[in-house]
Amino acid sequence: ALRSASPGIVMGCDVPHCPRDVLVRARALLNDGCNVIGRRRDGGYYLLVLTTPRRQLFEGVCWGGGSVYTQTRTRAAHAGIRLLDLPVLTDLDTWDDIESVQADFEPLRRYLGRVAQQSGKQTHQH
């Protein structure tokens, strides 16, 4: 998308619990000609939707830090890009993140239940 200057969507892989309606809303806003950002609780973002991608939003950013969202918004403002906000989400970086998200995300809760069950079986076999 950066090379072709066509609309683009960048999404983090550590937000599998992103609600479908958030993605549908982001796509609808893109179709309406809007740029969109979804902030993560830790200071980053999980989704960036741009009608025309701009390299300056990605260059020189302190990736992995707690100010990625703020840096991106500042860079967008300097470039004259208006970003609309999506709901804030927690990404899955730590065990605490996983525990907080699993309460409201059934697939993760089921997976953790299976892992716990398998761990219990392995412990009893040894």
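Note that the coordinates shown come from a computational prediction; the quantities given were computed from them, not determined experimentally. Keep in mind that the numbers below use all heavy atoms, side chains included, and drop hydrogens, waters and symmetry copies.
- Rounding to the nearest 0.5 Å places CG of Asn35 at 10.0 Å from CG of Leu29.
- Between Thr51 and Cys34, the shortest heavy-atom distance links the atoms CG2-O, 3.6 Å.
- For the pair Leu57 and Leu50, the minimum side-chain heavy-atom distance is below 4.5 Å.
- At least one side-chain heavy atom of Pro16 sits less than 4.5 Å from a side-chain heavy atom of Leu92.
- The shortest distance between side-chain heavy atoms of Leu47 and Cys18 does not fall below 4.5 Å.
- Contact record, Asp97 with Asp93: OD2-N, 3.0 Å, taken as the closest heavy-atom pair.
- Under the salt bridge (Lys or Arg N to Asp or Glu O under 4.0 Å) criterion, Arg109 pairs with Glu106, sequence neighbours left out.
- Annotation: side chain to side chain contact (heavy atoms under 4.5 Å, CB included) contacts of Arg73 (sequence neighbours excluded): Ile37, Tyr69, Leu83, Asp85.
- Asp42 meets the salt bridge (Lys or Arg N to Asp or Glu O under 4.0 Å) test with Arg40; sequence neighbours excluded.
- Side chains of Tyr46 and Asp91 form no contact here, defined as non-hydrogen atoms less than 4.5 Å apart.
- The side chain to side chain contact (heavy atoms under 4.5 Å, CB included) check on Leu112 picks up Trp95, Ile98, Gln102, Leu108, with sequence neighbours excluded.
- Hydrophobic clustering, with ILVMFWY side chains joined whenever heavy atoms are under 4.5 angstrom apart, keeps Leu86 apart from Val88.
- With sequence neighbours left out, the side chain to side chain contact (heavy atoms under 4.5 Å, CB included) criterion links Ala79 to Arg54, Gln56, Ile81.
- Residue pairs meeting the side chain to side chain donor-acceptor pair (under 3.5 Å) criterion with at least one partner in residues 17-26, sequence neighbours excluded, are absent.
- Here the side chains of Arg27 and Val49 are not in contact, with every heavy-atom distance at 4.5 Å or above.
- Contact check for Pro7 versus Asn31: no side-chain heavy atoms found under the 4.5 Å cut-off.
- Using a 4.5 Å cut-off on side-chain heavy atoms (C-beta onward), Leu48 and Val36 make no contact.
- Both Val15 and Leu84 belong to a common hydrophobic cluster when Ile, Leu, Val, Met, Phe, Trp and Tyr are linked at side-chain heavy-atom distances under 4.5 angstrom.
- Residues satisfying the side chain to side chain donor-acceptor pair (under 3.5 Å) criterion with Thr90, sequence neighbours excluded, are Arg41.
- Taking Asp96 as the reference, Thr94, Glu99 meet the side chain to side chain contact (heavy atoms under 4.5 Å, CB included) condition, with sequence neighbours excluded.
- No side-chain heavy atom of Tyr45 sits under 4.5 Å from any side-chain heavy atom of Thr70.
- Every residue two or more places apart in sequence or in another chain that forms a side chain to side chain donor-acceptor pair (under 3.5 Å) with Ser67 is listed here: Gln71.
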